[in-house]
Every structure is written in structure tokens, then in C-alpha cells.
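Some notes on the structure that comes next.
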Amino acid sequence: MPLQRVRFAEDVPEVFRASLQDIRREQEVPAEFPPEVAAAAVRAAGNAVLPELDRTDLGFVTIDPPDSMDLDQALHLERTGDGFTVYYAIADVAAYVRAGDPIDTEARRRGETLYAPDKRTPLHPPELSEGAASLLPEQVRPALLWTVTLDASGEITGVTCERARVKSRAKLNYAGVQQELDAGTASESLQLLREVGKLREQRELDRGGVNLPIPDQEVVTSDGGWGLEFRAPLPVESWNAQISLLTGMAAAQLMMKGRIGILRTLPESHDDLRRKLGNTAKALGIDWPADVSYAAFIHGLDPATPAHAAMLAACTVLFRGAGYTAFDGNVPDKPQHAAMKAEYAHVTAPLRRLVDRWTGEICVALSAGTAVPAWVRESMDEIPKIMDDADRRAHAYERSIVSMVEAGLVADRLGATFDGVITDVDDKDPSRGIVVLTEPAIEGRVTGTALPLGKQVRVKLVEADIAKRTVAFELVG
């Protein structure tokens, strides 16, 4: 499930720092790596063996936020006849980490990288995640090389996954690539990224799939108080994401055919969720006709429009309930990821997500027609639980941060009244529910007699506590 990211336009204000520390203590967020893990990472960084297959001839580049150093993915695209070939290099973490070693043991404890406005808590020690294993520019690295062929419409026609040595030519960022594309100065590979990205977006819409372009939430100082702005993703961010999604779907095809793997699965959403999101859309002044599907509605939202950006953030609930399904011998009865309307696997972020090391090994073996490594098979059933626990911790962590920021946005406005819509009412106590404000676009608990579900209301702010991360309102009138 996509996560809401909160950033601060400047350094994190002191008023939030203590609360962030409290959140980390409450959520038991790991601190520094134990000495034995850091020492093992230093040794591993100097002992990796490069694969025999040399594909340093391919013009790979990475595209990430400017400050990123944990570079999992590098891409290169070519036109092949009427279709395309997508080369996607993924950091080979298994070249450095062995099952049961200190790095592996600590990674299983962490599960995934955690993000906060003031720091990142990595899955692997920085000696690997930001150094030896990262696809940094002008460095020869071991990688899992995905070669995915597409027809003229962007549909997959073939896929292989093999170990290879690669070299990224440049560390690019989204704004710079978008500027080059808009100016017509981008390389042929990046121009094909735009072309293939658009084709894949259309394929997604055709099958009714949803990929949320989640905007970053940035806290800014406004008239002596706090304000919340949404940074809309650039088009190239969506096109780049489509390459990752494409690879995940290609991986799922290999797994389903080979009858072994770990899929990312999601059951179909229920009518109650549609009702709640419909109420949120009403609160934000967005029309959602009853005959318009989730996919069509979301594809019609513009993340550059503040209300639409807030709606996209709210739509992350569509991904709640996603999990991991391991199988060996018999394919799952319900293998699809309902939001994507396709089978899908996580394989493209092994520096930041534990499961990708397992799925990568499975796909290399299936592609080569060799046996899946014993350590993978022996531990496959453990990974869904580890990842589910890690996902819950990550969502709780980031939800606490969002709640802290929302409380800070209105902390100096106690007693003020706001317009909003009641988006949910407690089934057991109809005097309690949730309200989403029109401005600022935040939500909070609300109490009042006979809360009118889905109706525009006026509410008074009665609590906004940064330390407790709570916001509460009372119905007016």
C-alpha cells in the first residue's frame, strides 16, 4: 500500500522533534545497527563476486529523488522492431548477504526501511545500502538484470531474469529528467521511458487497475502558522513507476508458470469502503458519480490540484488488506492484486524491502530453469508474516507522523470552527465519528448528536495535541 510522506520545507521544527522521538520509542523503531552487523556489512562490501555475464555495455541510469543514495534500480530502454525492450537492473543484495549471517538476521528483524521527516531507518547497513550494493554511477555492480520485451501496445511478450554485472552511467533525479523530456534534449532511452510509461498507463486503465500517484505532504510556514501543501508527482515519476510495476507483473508471470513464488495480493474492496471514500470526495468538493469505477475516478484526479491531492492520499485505504502469499507446488486460489487487476510481485526494491531478496532468487532460478536455492525454499513461508508485521509497523509509524503534523497545523486554533463532511460514524455509538475538513484537508474525531453521515457540517476544534497526536471536533448546531 502506498504511504503518505510528510516533509518539512525547512528543518524539522523543534516543536515536532520531541514527538518524533516519542513515536520512535512507542513504535520500537530500530536505532543504530548492532556492532556485529555493521562489521559484517564492512566485510561483505569487500567480498562480493561479480557475475560472469557482463552488461556494462548497456547505458543504465538511475532516477530517484536527489538525496537518495540507496539506489535499487537502473533502467535502459531500446526500441525493438515495432515493440520495445526494457532492461531493468536491480541491486543484487544476495551477492553480499547470506542466509543466517548477522546482516540477514537483522534485516529479518527490520523487514523494510522506515521513513520520517527527520531521518531514514534503513533495512541494511549504509555500507551496503548506500555503498557497495547501491547502483551508484560509474561503479560496476552485481545486479539481477530483467529483460522484458513488449509489443507495440506495451503488452509483455517475453521476460528473463539473470545475474549480470552492470554500470550506471548517471544518477538522475525526477525534476532534471522531466526538464530534459520537456525540452526535447533527453536521451533516446529516456524518451522511450515516456513512450512506454504512457502505454503501460493505458494498459492499466484498460484493465481497471489503480496505481496511486501519492503526493508528498510538505509542511510550510504560513502567516506565522503552519500550512500544508501537496507536491504533485511529476509525469516521469509515474512512467518510472510503471517500469517497476511492469517488472513485478513479469515476475508474477514467471512464478505462476513455475508454481513457486511470493505474490503481493489484495482482496477486492467492499461497498463500505466506496461509501467512506465517496464521503471524503464530497468533503473535498469532488464529484464522483455512482456509475464511475474506482479506477476511472482515480485516473481522473489531478495531483497538482490540492483537493485532488488530498483525495489521492485518502485513497490509500484501497490498498489496506494487501499481503504476501507464498506458494510452492500449487498456485493460490486468489493470486490477484485487486487494485492492479493483475498478478504482481515485489521484486524491485531489495535494498529497502526484505521480500525482494527472496523473489529475486526465485525468478533467477525459474528463468534459468534451475532449482530454487534451498535457503529460499526453507524460509519462504516465514516471509509473508515478517513482511506483514513490517508493513503494519511502517503504516503505524507514518500514520503517527501524519497525525502529529495534522495536530500541529491547527494547534493554535482551538475553538475555531471549520467546514467539513462526516465520512464515518461509529456503528456502536452514532454520536462518534470521523470528519474530514475542507480546509485544511485533515481528518479528526468528531462527536455530536445524530452525526449526519456524508453531509456537510460545521465543527468546532476542541483538541489539537501534538504530543498525543490527536485532533478532535464537536458538531456545531
Side-chain angles (χ1 to χ4, degrees), residues 1-5 60-66 68 70-77 84 86-91 112-113 115 135 146 148 150 154-156 171-178 180-181 186 189-216 230-252 264 266 294-295 298-304 308-309 312-313 315-316 318-319 322 337-353 355-356 359:
M1 156 183 157
L3 295 173
Q4 290 173 265
R5 285 281 154 74
F60 285 110
V61 298
T62 60
I63 310 175
D64 293 275
S68 294
D70 51 346
L71 310 181
D72 289 288
Q73 311 134 2
L75 56 81
H76 176 73
L77 286 78
F84 312 89
V86 176
Y87 297 100
Y88 208 37
I90 305 301
E112 62 185 85
T113 296
Y115 297 89
L135 302 181
W146 289 86
V148 184
L150 308 173
E155 288 292 352
I156 298 173
K171 179 178 181 288
L172 306 180
N173 61 75
Y174 294 116
V177 172
Q178 189 67 58
E180 289 185 17
L181 287 169
S189 176
L190 292 178
Q191 292 181 47
L192 289 174
L193 171 62
R194 174 172 55 193
E195 187 173 346
V196 170
K198 288 182 175 181
L199 288 172
R200 293 300 299 177
E201 287 175 337
Q202 185 59 50
R203 300 282 72 74
E204 180 178 81
L205 184 60
D206 289 346
R207 67 175 185 271
V210 171
N211 174 39
L212 294 176
I214 302 300
D216 287 335
F230 291 90
R231 185 196 69 80
L234 296 167
V236 70
E237 294 180 64
S238 174
W239 304 329
N240 192 53
Q242 286 294 334
I243 302 302
S244 181
L245 293 170
L246 164 71
T247 307
M249 292 177 193
R264 183 65 163 161
L266 176 68
Y294 282 120
I298 290 170
H299 278 274
L301 295 174
D302 177 6
H308 289 201
L312 287 166
C315 284
T316 58
L318 287 172
F319 288 74
H337 190 289
M340 297 182 187
K341 294 294 188 288
E343 286 86 30
Y344 173 69
H346 277 157
V347 293
T348 63
L351 292 175
R352 293 168 285 166
R353 196 169 48 211
V355 66
D356 298 48
T359 52

Identify the heavy atoms of Asn240 and Tyr174 that sit nearest to each other, and give their distance. ND2-OH, 3.4 Å
Check Ala251 against Val347 and note the closest heavy-atom contact, atom names and distance. CB-CG1, 3.7 Å
With sequence neighbours left out, write down each residue that passes salt bridge (charged side-chain N to carboxylate O under 4.0 Å, His left out) with Arg194, or none if nothing qualifies. none
Residues in side-chain contact (heavy atoms from CB on, under 4.5 Å) contact with Ala342, at least two apart in sequence or another chain: Arg207, Met249
Would the distance check show the side chain of Ser189 and the main-chain N or O of Leu77 forming a donor-acceptor pair, the cut-off being under 3.5 Å? yes
Side-chain donor or acceptor of Arg200 paired with backbone N/O of Trp239 under 3.5 Å: no
Euclidean distance, Leu192 CG relative to Leu150 CG, rounded to 0.5 Å: 10.5 Å
Validation row: Val86, Thr247 side chains within 4.5 angstrom (heavy atoms): no
Does Leu193 form a side chain to side chain contact (heavy atoms under 4.5 Å, CB included) with Ile63? I'd like the steps, not just the answer. CA-CA 11 Å; Leu193 171 62; Ile63 310 175; 3.8 Å; yes
Partner residues of Gln191 under the side-chain hydrogen bond (donor to acceptor under 3.5 Å, both in side chains) criterion, sequence neighbours left out: none
If we only count heavy atoms from C-beta on, is the Glu204 to Leu245 side-chain gap below 4.5 Å? yes
To the nearest 0.5 Å, how far apart are CD in Gln73 and CD1 in Ile243? 10.5 Å
Let me confirm one number: the NZ-OH distance from Lys341 to Tyr294, rounded to the nearest 0.5 Å. 9.5 Å
With sequence neighbours left out, what residues match Gln178 under side-chain hydrogen bond (donor to acceptor under 3.5 Å, both in side chains)? Asp182
Please name all residues satisfying ring-ring contact (aromatic ring centres under 6.0 Å, His included) with Phe60, sequence neighbours left out, ordered by chain then number. none
Using only atom types and a distance under 3.5 Å, with no angle test, would you say the side chain of His76 pairs donor to acceptor with the backbone of Ala89? no
Apply salt bridge (charged side-chain N to carboxylate O under 4.0 Å, His left out) to Glu237 and list each qualifying residue two or more places apart in sequence or on a separate chain. Arg231
Shortest non-hydrogen contact from Ile90 to Pro350? CG2-CD, 3.4 Å
Test side-chain hydrogen bond (donor to acceptor under 3.5 Å, both in side chains) applied to Ser238 - qualifying residues, sequence neighbours left out: Glu201
Report yes if the side chains of Arg203 and Gln242 come closer than 4.5 Å at any heavy-atom pair, otherwise no. no
Can you list everything that forms a side-chain contact (heavy atoms from CB on, under 4.5 Å) with Gln202? Sequence neighbours excluded, please. Leu205, Asp206
Please find the pair of heavy atoms, one from Asp72 and one from Leu351, that lie closest to each other, and give the distance. OD1-N, 2.7 Å
Taking atom CH2 of Trp146 and atom CG of Leu246, what is their separation to the nearest 0.5 Å? 10.0 Å
Applying side-chain contact (heavy atoms from CB on, under 4.5 Å) to Ser244 and not counting sequence neighbours gives Tyr88, Thr348
Listed partners of Pro66 passing side-chain contact (heavy atoms from CB on, under 4.5 Å), at least two apart: Asn173
Return the minimal non-hydrogen interatomic distance between Ala252 and Ala345, and the atom names on each side. CB-N, 4.2 Å
Between CG on residue Leu135 and OG1 on residue Thr62, distance to nearest 0.5 Å: 7.5 Å
Would you say Val148 and Ile156 make side-chain contact, with heavy atoms under 4.5 Å? yes
Could you work out, with side-chain hydrogen bond (donor to acceptor under 3.5 Å, both in side chains) as the rule, every residue matching Glu195, not counting sequence neighbours? Arg79
Lys171 side chain to Asp64 main-chain N or O, any donor-acceptor pair under 3.5 Å? no
